[in-house]
Amino acid sequence: MAPQLDAYFSKVDELQDHFIERLRKAVAIPSVSSEDDRRPEVVRMGKFLESELKALGAHVEARPLGPQPHKEYLELPPVIIARYGEDPKKKTILVYGHYDVQPAAKEDGWATEPFELTIDDKGRMFGRGSTDDKGPVLGWLNAIEAHQKASIDFPVNLLMCFEGMEEYGSEGLDDFINAEAKKFFKDTDAVCISDNYWLGTEKPCLTYGLRGCSYYSIEISGPGQDLHSGVFGGTAQEPMTDLVRVMGSLVDTNGKIQIDGIKELVAPLTEEEKSLYKDIAFTMDNLHESLGSKTTIFEDKESTLMARWRFPSLSLHGIEGAFSAPGAKTVIPAKVIGKFSIRTVPNMEIPEVNRLVEAHVNKVFKSLNSKNTCKVIEQHSGKWWVASPKHWNFTAAAKAVESVFKVQPDLTREGGSIPVTLTFEQATGKNVLLLPMGSSTDAAHSINEKLDKRNYIEGIKLLGSYLAHVAEEPMNES
Ligand SMILES: C[C@H](N)C(=O)N[C@@H](Cc1c[nH]cn1)C(=O)O
Ligand SMILES: [Zn+2]
Ligand SMILES: [Zn+2]
């Protein structure tokens, strides 16, 4: 190992308590992008990053994105962009992350307060955003600080782009990235995103593919107001009765999407691709552990990985306007909005998926012969992404994994979505790599989200080591 990396790793170990305190401060800011009344907290989180970056000597700008589409009364949180280093002899790496989080409330079933970082005796650091994506975002800041405190020259110029709306479909960011591609991001040689997870708990991976996500709502309304079911039950057509039928027609218990035409859009599976899955370090036990049960659709790892990475899935998320509190309220909701999303894969095109979804919902609703009104709305869509893992950007990351974890990483795709990945690739024309920090058991988006202390600290080493290897890799584009 290069002596400089050795010194860097030691400094990261020495500073670990300080880095955990930084994460504690970040988790304490409930920057939930999907809740209107939490918007000031999202802005506060952006300001926190801005001041931490300034303290590290980075050039920082908070760029406004204007009003939120469909919610013009709300300003989008700013994108925090920063530059650390401006040496023309060094490569320039653009890193992206998000500082917003999914909603969380103790009543949802959290064992600890979601916005208080709580560390247990196994070194698990619980808190909303710990793994998605505050830990990885702070990882870049921590890497800068460890270089400074170890008096090691920073190996690259670092451009940073941290957004506050990722969990709400990255509203406004595509236009921003396209507008800045030839300005703030013009020197970019490669892009790195740390916002996904290892497949298991022991072996790191490099990720070269993501599914897209198209999110819809179905709005069914009828009565002028909520009704007493004793007075109106049996006399009024009920929106909820229609909605559960329409939602129930979208997907079956084994995850099979029931919308005509969807499966025909999926790229056929080749024999060569099929053979890739058997060598991936992943077991059904890994899945059972992260799932918290054995209620899987498939019994084998190959089918499971394919279902997660290269086939579409449709998930039902919830019903707005429905009675959901404990107890037994005898209400007939007047208007209900069902939410679902489709994870998309090559070669599914967004407009075609939208057309098939709309046709299906309208057909099923019509078959109910209901006098209620039904509308399907596309909330947001992001396209799938698949890149070449043979690029020097991936080679540098693989060497970094070996230097920190002493293993060769698996090359994986991911079931989740990071809509701007493709935007960065297209806008900069450069290779994008996903370099995860967290593990499969981190429960991102769920209750009891956590990041293991080991993943955080070794992850900071990984990010710094990646930058050191990037500096040394010849730039043969492939
Ligand atoms: C993988 C990433 N950490 C993530 O959680 N992304 C979200 C992004 C999203 C939200 N709506 C649509 N896409 C996800 O995959 O759900
Ligand atoms: Zn994320
Ligand atoms: Zn997320």
Side-chain angles (χ1 to χ4, degrees), residues 26-27 30-35 42 45 49 68-70 77 95-104 114 127-140 161-174 192-199 205-217 290 308-309 312-318 339-345 348 350 353-354 377-385 412-424 432-451 455 459:
V27 166
S31 50
V32 181
S33 49
S34 62
E35 292 172 359
V42 186
M45 181 63 209
L49 278 181
Q68 181 167 334
H70 312 296
V95 302
Y96 157 89
H98 61 93
Y99 63 83
D100 62 318
V101 296
Q102 287 278 324
R128 176 56 91 224
S130 51
T131 194
D132 183 14
D133 186 30
K134 291 179 174 177
V137 163
L138 296 182
W140 296 112
C161 176
F162 300 135
E163 69 154 318
M165 283 303 277
E166 197 270 354
E167 301 291 10
Y168 201 80
S170 292
E171 299 266 27
L173 198 66
D174 277 1
C192 180
I193 298 177
S194 187
D195 183 23
N196 65 311
Y197 320 99
W198 297 355
L199 254 188
C205 58
L206 310 181
T207 306
Y208 65 95
L210 290 164
R211 293 196 291 184
C213 184
S214 290
Y215 203 107
Y216 303 94
S217 55
S290 50
R308 184 186 285 184
W309 293 350
S313 60
L314 188 154
S315 301
L316 306 179
H317 302 300
K339 318 271 178 87
F340 71 97
S341 69
I342 302 180
R343 297 289 172 167
T344 56
V345 295
M348 298 168 78
I350 294 168
V353 175
N354 289 348
I377 298 147
E378 177 202 13
Q379 297 277 339
H380 56 250
S381 288
K383 206 178 163 183
W384 45 266
W385 162 82
T412 62
R413 281 164 67 170
E414 166 91 34
S417 314
I418 307 172
V420 294
T421 310
L422 182 66
T423 317
F424 276 119
V432 185
L433 151 82
L434 299 193
L435 184 56
M437 178 183 267
S439 85
S440 64
T441 53
D442 285 357
H445 292 206
S446 182
I447 56 167
N448 304 323
E449 176 182 346
K450 58 99 178 148
L451 175 63
N455 282 63

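Order of appearance sets the numbers: ligands from 1, and atoms from 1 within every ligand.
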So which protein heavy atom does [atom] come closest to, and at what separation?
{"atom": "atom 16 (O) of ligand 1", "answer": "R343 NH2, 2.8 Å"}
{"atom": "atom 11 (N) of ligand 1", "answer": "H380 NE2, 3.2 Å"}
{"atom": "atom 9 (C) of ligand 1", "answer": "E166 O, 4.1 Å"}

From L435 atom CG to I193 atom CD1, the distance as rounded to the nearest 0.5 Å: 11.0 Å
N196, any N or O under 3.5 Å of ligand 1 N or O: no
Polar proximity ligand 1 side, H98 side, N/O cut 3.5 Å exclusive: no
Considering only heavy atoms of [X], which atoms of ligand 1 have at least one such atom less than 4.0 Å away?
{"X": "D132", "result": "3 (N), 5 (O)"}
{"X": "Y197", "result": "3 (N)"}
{"X": "G416", "result": "15 (O)"}

Metal site the Zn ion (ligand 3): N/O/S of H98 inside 2.8 Å: no
Measure from the side-chain N and O atoms of [X] to the backbone N and O of [Y], and report whether any donor-acceptor pair falls under 3.5 Å.
{"X": "E414", "Y": "N196", "value": "no"}
{"X": "R211", "Y": "W309", "value": "no"}
{"X": "R128", "Y": "S31", "value": "no"}
{"X": "D100", "Y": "E167", "value": "yes"}

Passing candidate, side chain to side chain contact (heavy atoms under 4.5 Å, CB included) with Y216, options L314, I377, I342: I342
Whether H317 and Y215 hold their rings parallel, tilted or perpendicular, with breakpoints at 30° and 60°: parallel
D133 touching ligand 1 at heavy-atom level, < 4.0 angstrom: no
H445 and ligand 1 - part of the residue with a heavy-atom distance under 4.0 Å: side chain
From the candidates I193, D195, V101, the one that places a heavy atom nearest atom 1 (C) of ligand 1: D195
Minimum non-hydrogen distance to atom 8 (C) of ligand 1, winning option of C213, S194, S417, G438: S417
Nearest to the Zn ion (ligand 3) - the N/O/S atom of D132, by atom name: OD2
Atom name of the N, O or S atom in E167 that lies nearest to the Zn ion (ligand 3): OE2
N, O or S of D195 under 2.8 Å from the Zn ion (ligand 2): yes
Centroid-centroid under 6.0 Å between Y99 and F162 rings: no
Side chain to side chain donor-acceptor pair (under 3.5 Å) between S381 and E378, worked out: CA-CA 7 Å; S381 288; E378 177 202 13; 2.6 Å; yes
Side chain to side chain donor-acceptor pair (under 3.5 Å) between Q379 and S217, worked out: CA-CA 7 Å; Q379 297 277 339; S217 55; 2.8 Å; yes
